[in-house]
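Presented below is the structure to which this report refers.
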4 protein chains.
Amino acid sequence: MVNPPFNITRAAHAEYRVTDLGRARAFYVDALGLIETGRDDDCLYLGGLEERDQYSLVLRRAPSPGAGHLAFRVVAPDDLDALAALHAANNLPLRWIEPDSLERGQGRALRVQDPSGLPVEFFCEMAQRERQLQKFHAYRGAHIMRIDHFNCQVPDVQRAADWWTAALGFRCSEYTVADPVPNQPDRLWATWLHRKQSVHDIALMNGIGPRLHHVGLWLQDTHSVLRACDILASLGQAGAIERGPGRHGLSNAFFLYLRDPDGNRVELYTSDYLIPDPDFVPIRWTLSDPRRATFWGSYAPRSWFEEASPVEDIRTSRLLPTTAPLLSGRPDTVT
Amino acid sequence: MVNPPFNITRAAHAEYRVTDLGRARAFYVDALGLIETGRDDDCLYLGGLEERDQYSLVLRRAPSPGAGHLAFRVVAPDDLDALAALHAANNLPLRWIEPDSLERGQGRALRVQDPSGLPVEFFCEMAQRERQLQKFHAYRGAHIMRIDHFNCQVPDVQRAADWWTAALGFRCSEYTVADPVPNQPDRLWATWLHRKQSVHDIALMNGIGPRLHHVGLWLQDTHSVLRACDILASLGQAGAIERGPGRHGLSNAFFLYLRDPDGNRVELYTSDYLIPDPDFVPIRWTLSDPRRATFWGSYAPRSWFEEASPVEDIRTSRLLPTTAPLLSGRPDTVT
Amino acid sequence: MVNPPFNITRAAHAEYRVTDLGRARAFYVDALGLIETGRDDDCLYLGGLEERDQYSLVLRRAPSPGAGHLAFRVVAPDDLDALAALHAANNLPLRWIEPDSLERGQGRALRVQDPSGLPVEFFCEMAQRERQLQKFHAYRGAHIMRIDHFNCQVPDVQRAADWWTAALGFRCSEYTVADPVPNQPDRLWATWLHRKQSVHDIALMNGIGPRLHHVGLWLQDTHSVLRACDILASLGQAGAIERGPGRHGLSNAFFLYLRDPDGNRVELYTSDYLIPDPDFVPIRWTLSDPRRATFWGSYAPRSWFEEASPVEDIRTSRLLPTTAPLLSGRPDTVT
Amino acid sequence: MVNPPFNITRAAHAEYRVTDLGRARAFYVDALGLIETGRDDDCLYLGGLEERDQYSLVLRRAPSPGAGHLAFRVVAPDDLDALAALHAANNLPLRWIEPDSLERGQGRALRVQDPSGLPVEFFCEMAQRERQLQKFHAYRGAHIMRIDHFNCQVPDVQRAADWWTAALGFRCSEYTVADPVPNQPDRLWATWLHRKQSVHDIALMNGIGPRLHHVGLWLQDTHSVLRACDILASLGQAGAIERGPGRHGLSNAFFLYLRDPDGNRVELYTSDYLIPDPDFVPIRWTLSDPRRATFWGSYAPRSWFEEASPVEDIRTSRLLPTTAPLLSGRPDTVT
C-alpha cells in the first residue's frame, strides 16, 4: 500500500442531532457521566476522562434525530489541503469550515461527503482542556474514557472499504464476509478499519445507508459497563438499553448498546486489543458464524440491525436519503 | 411466629439426575470450575471454594434428567426426629436414609415429600473437607464459592409458603404478588424464604410443579459471572447460557442462568444482601413490575419460564407427575 | 453452650468523636460516599447503601478524637432488660438512654461498660429509612454497603473473649494465639466473634486498651476498595491511607485501612465469607504466621499496631485511661 | 523532528537470564500464567494471550541473573540495514544474528549496544502463533495479555533520551525532572518513550546502569493484578511481591512489581492510556511530587530503587560493568 499524502490519526468526534438538549444531557451527562465541557445555544460539547480535546461528542439541537458529521483528526494543516484535493479530484462534495465557527475551539476544518454519502470532517487543531484522568473523585456514571470509533451502514461495503483503505490509508483489522458460495469470491459484508492502533476508528457494515449506526465510547473495564446498566435502570431509563451487555467475537469487545432519548445509538465498549504492527493480518469472519456477533450466543434485537441515524448533507444540513444495501440476508443471530 | 422445635440452618446440597456423568463433569467441573470432591460408580460429588461440607451438588447417573432431592442442614440430630414427627403428623411421605449409604459422608438423613411434592432431605452430620478458599492458585472457571439456594415451581405457592414458614420456620425476604385486582387481597405469585441470613435458601414460584427450577450457586463478584460466559463460549458450550448476565430487581442479584447438558438449570448468582435481623420487613413486588425480574429491562426467554427439572418420588426414585399452577398469567418480561 | 436469655443480632452502629464535623464530613461523605441521613448541632448520622437503619455511623463533635460507643441490635425490648440484669449482676456500669434522646430515631437503649471497659450500647428499635441499594445512580465514593464489625484492643483478650462468648452468646470464627511455647497451653492473642452469619461483629485483639482499633465497613467488591484509594488521592487525602489494599489471611478479607481526619480508623472490607452453621469450627492462626495478617506479605506500618481510638466512660463521656496488654510481643509483619 | 529512515514499531520481547529453568517456569507459567510457546535445552519461550508473535519473553539458562537483550520490532527488513548503518556511524557495537539461530522463529536480527550500553535487538520477522485471546478457558494466572515496555536504568538519562528520540524516533509521553533549582534548567531524571501508541515502549531512569529495571507486562484490568497476588501467596511465593499493588501518578498505571526467583523484575501493569496523536504534549513531573511514583502515597521499598538486572555484552554474553548515575538524590517516596 502506498501511503497517502496526508496523515489521519484517529476518530475524533461525532455530532448527533437531538431534539431536546436538556433531555439529551440527562442521558449523556447525568446518566452516562460524560463531561460537559462547553455549551452554547444550540450545542452541548461533551468529552471523556482520558481526552484532552475540548470535546469528542457534540449534541446539536435539530428538528429530528440524526448524525451531523464524523470528525477525524489529521496531523498537520497541510493534510487538510491534500484531503480537499483528493475529494475534489473525485468530484465529492466538500466544504471548508472557518476556525471556531460551527464548532467551538476547532481550527479550520474540511467537511466532505464520502463516496457512500457519509458526512466526514477532517480537522487538525482543537482547543485542549485539562485531562480529567486522575480526577478520580469527579468520575461519574460509566467512567467513559474516550471516543473510540464510528460504525456506519452503507449500501456497498466493498466500494466504501476501497475508498477508506486505498484513498484514505486506513488498515483493516477484522472483516466479515457474506456466507460463502462455492466457487465464488468473498463478498465483503462488513469491515473494521483503523488509523490509531486499536481495532477500529471506523467500521463499515452492509445495510441501508448512508447511516451512522453507532458511536463507540471506550471504557476501562467491564465493571464500568455494568454500572451503566444499573444507573440507567435506577434512573428509569432502562429502555435505553438495546443490546447487551455481551461480548463480540469480532474485536473481542465487551459491549453495551444504548439508544439516546432521540434514538441515536452509542456503544459502551471495552476489552478490545492493540495493533501496533502495520502488517497485522486481518481476521476473517463469516456472517453466520454464531461467535462473530455474539460470542456468548445471545441474540440481537431486530432494532439493532434495522435502525440507525440518518446523516446530514454537509451543505444543507438536511438528512440524506438512503439506499438499500447490495447484499441481502441477515445474520442468524438476530431475534 | 412460634419457633418450631428444630433448627434448619441452610440449603446444603442438591442432587441432579444426569444421563452422562462425563458430559456433566465437563460442564460443572471443567467449565464452571466446581471442585470434584469425590465420585463413585453412579455419582459425582462437587463443591465450592468456600465450603467445608464434602459436597453441595451431587450428580447422579439416571435415565433422564431431573432433581433427586434438595437437602437442608439441621443443627442437631434431634432436629431430624422432630422433623420426622412433623411430617408424619401431616401424613407426608418420609424415609430414613442410613448414614453413608446413599450419599458419601452424610450421617443419618430424613427424606420427605413436602406438601407440594418436593423431595426434601434433612441431615445433620456431613464429612468435612479442607476449605479451598485460600488455595487461590487452584481456582478455576467461575470461582464458585458455595451453594446458595433452591428455586422451585409449585402449583399453589400460598399453600407451599405457609408450610415452609409456619411449619418449618423459614422467613420471607421478598415476594411477588399477581397483578392486583381492585378490592381483592394479594395473591402470592412467588416468595423468597430463608433460614441463613441471605435473601433465600428456597424460593417458591407459581408454575407447573413440583419442579426444581434451578440451583443457585454463589460467586464473589460480577467478574466471575462474566468469566463463566467467556469460558463456556470458548469451550463451544455457549448454548448452555439461557439468560443473562443481568440484574434481578428482586434480591438485587447479578445473575446468569445456565442449562447443564441434560437441561437441568443452575444460576450463577452474586450481589444479593445480608439479612441479620429476624424482623426484616419483606419487600413486595407486583408481577408486572418491569424491574422485578430484569432490572435492566431485558426479556427472559420462554424456556426460562416453562422448563424446569421434574423431581423424584423419595420412595421409588421415579419422577413425579406435575400439576398446572393455580394462578395463570405470565410476566410481561418474557419474550 | 447455653444460649443466653437475650438475642443480640449484630454490630449496628459506632459513634466516633471528631473535632471538626465539616472536615469529618468531607472524608466520610464526600470522599468515601457514606450517605448523610441526618444531622443536628453536634452529630452527623451516616449510613450505607444496603442498610435500612437510620444510621450505622455517628460522628459526634468532641474536643478530642475517640470512640463514644459501639452499638449492637437486639431482637426484642425484653432483651434489653435481660442484658441490664446481666451487667448489674456482674457489677458493670450501666445506664439507660431514653428513646430519641442522645441518638435520633433510636428507641430505649442500654449502655454498659463491658469487663474490658468498652462502651457498649444495646438497642432494639431504630427508625428505618428507604434502602438505597437499587438507587445505583446515587452511589458515590467507595460504594459502602453496610457496617460490618468493630475491632477492639483490650489488655486481656482471654477474659474479654470469655465474656463475649459465654455471657453474651457470641461465637468464634477465627482466632490467633501467641507463638506457642512447648508444653504450654495456647495463649489467646486475638479472637473474631460473631452473632450475624459473617466472620465477625467484634474482634478483640491483645493491645493497649480498652480502645477501638477500627470500624469495619463492608463493600461489595475489590473494585470499590481501589476506587477509594483513587478518590482519596485525587482529593489530596492520600495521607488517610494507612495500610493496604491487601488481603488478610485471617477472615480472607480484602482490606484497606484509613484514618479519618481525627485519626479514628475505618477499614474498607470485602471478600470474607458466610457462616450459617452454629458449629463452624474456628480457624486457628499463630501470631507469627506470615499469612495471617498479610496474606501477600506486605508489612503493616507501626501506627497500625500502636494507635487506636480511646473510648468513653458511658457516664461521664470522658475518655477512659488505658492499660498495657498482658501479652507482649508483636507480629513480625510490622515494619 | 525529522523521521529517521527506519520504522520501529514496538517493544517486542525481552530475554532474562535465569539460573534454573524449572524454577523460573514455576513462576512465569504456573503462577503468572504466561503461555509456554516453545522450549529448547537452554531457553523457554513465553507469550501473552493477545500476542501473535511466537514469544515476548525468553528465559535463558545462565550462571547468573541478568538481561540478555531487549528486542524491538521494525516494519521492514531494510529498516535493519538502516539501523545497522546508524549504529556503525556512531561507533556502537553491533552484531548480526542469523535467522532462527539464537532465537527460535526469529528472522535476521541486529543486536547493538546502545550509547548507554543497553543490549538492544531489532528484528522484522517472527514466526506467528495462533492468538489465544478468545481461548478463555485456557486463561491462567494473571491473564497477561502482552508485553508492554522495558524500564532501564542508565547513568545519563539526558544523553540516553537524546539517542532514543533524535536518533531512533521515539516520542516522549511523560518525564520526571530532578527537583528544580532556581534559575537552572530542568535536569532530566527519567523519561517515558514510545513508538506504539501507549505510554511507553521504553522508560529510561536515572540510576546505576546500564541495567534493566523491569519488563512491563500488560493486563486487562485491576482484577487480574489482584489475582496475581493471591495466586503467588497461595503458592508460597508471596516473597516475589516487591511493591504494590498501587497506582503510579506517572502513566496512571495500576501496578504490581514482582521479582522472579532469580531477582529479575517484572511489572504487572494496566490502566494506562492511548496516545494516538504524534503531538501529544508530554506530562512533566518533579521528582519529589508524592503523587508521581505512588499516587496513593505508599512508599516503595529500597530494593525497588537499588536493584536491577545487569545486562549482557552483545558480543561476549558477559554481564557489563555498571556506572553510578550522574544525578544523585532519591525520591522521598522510598522507605
Side-chain angles (χ1 to χ4, degrees), chain A residues 31-32 142 219-259 268 270-273 288-304 332-335, chain B residues 31-32 142 219-259 268 270-273 288-304 332-335:
Chain A
L32 296 190
L219 280 58
Q220 234 172 19
D221 50 35
T222 57
H223 201 271
S224 300
V225 177
L226 303 183
R227 272 285 287 159
C229 296
D230 282 334
I231 289 170
L232 285 166
S234 72
L235 284 170
Q237 302 179 32
I241 302 173
E242 185 185 36
R243 179 182 178 188
R247 185 180 295 282
H248 290 308
L250 198 151
S251 85
N252 199 50
F254 185 82
F255 67 83
L256 180 74
Y257 290 96
L258 304 173
R259 304 296 290 270
L268 305 189
T270 190
S271 187
D272 57 341
Y273 55 92
S288 60
D289 180 341
R291 292 190 179 193
R292 185 190 66 93
T294 52
F295 195 69
W296 302 342
S298 42
Y299 282 13
R302 184 174 294 265
S303 65
W304 193 90
D332 298 333
T333 44
V334 186
T335 310
Chain B
L32 297 189
L219 280 58
Q220 235 173 17
D221 50 35
T222 57
H223 201 271
S224 300
V225 177
L226 303 183
R227 272 285 288 159
C229 296
D230 282 334
I231 290 171
L232 285 165
S234 72
L235 284 170
Q237 302 179 31
I241 302 174
E242 184 185 37
R243 180 182 178 188
R247 185 179 297 282
H248 290 309
L250 198 151
S251 84
N252 199 49
F254 185 82
F255 66 83
L256 180 75
Y257 290 95
L258 304 173
R259 304 295 289 270
L268 304 189
T270 189
S271 186
D272 57 340
Y273 55 91
S288 61
D289 180 342
R291 293 190 177 192
R292 184 190 68 91
T294 52
F295 195 68
W296 303 342
S298 43
Y299 281 13
R302 186 174 294 264
S303 65
W304 192 91
D332 298 333
T333 45
V334 186
T335 310

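For the numbers below, each heavy atom of this structure counts, side chains included, while hydrogens, waters and symmetry mates do not. Here is the naming used below: chain letters follow the sequence lines, and residue numbers restart at 1 for every chain. Because the structure is a prediction, the values reported are computed rather than measured.
- Of the inter-residue distances, the one linking B:Arg247 atom CZ with A:Ser234 atom OG reads 10.0 Å to the nearest 0.5 angstrom.
- Using a 4.5 Å cut-off on side-chain heavy atoms (C-beta onward), A:Trp296 and B:Leu256 make no contact.
- Counting heavy atoms from C-beta outward, A:Phe295 and B:Leu232 have side chains that stay 4.5 Å or more apart.
- The structure places CG of B:Leu226 at 10.0 Å from OG of A:Ser271, a figure rounded to the nearest 0.5 Å.
- Residue B:Asp221: no heavy atom, backbone or side chain, is found under 4.5 Å from chain A.
- Put simply, the side chain of B:Arg291 gets close to the backbone of A:Ala233: a donor and an acceptor are under 3.5 Å apart.
- A pairwise comparison of heavy atoms in A:Thr222 and B:His223 identifies OG1-CD2, 4.4 Å as the closest pair.
- When every heavy atom of B:Gly297 is checked against every heavy atom of A:Ala238, the shortest pair comes out as N-CB, 4.4 Å.
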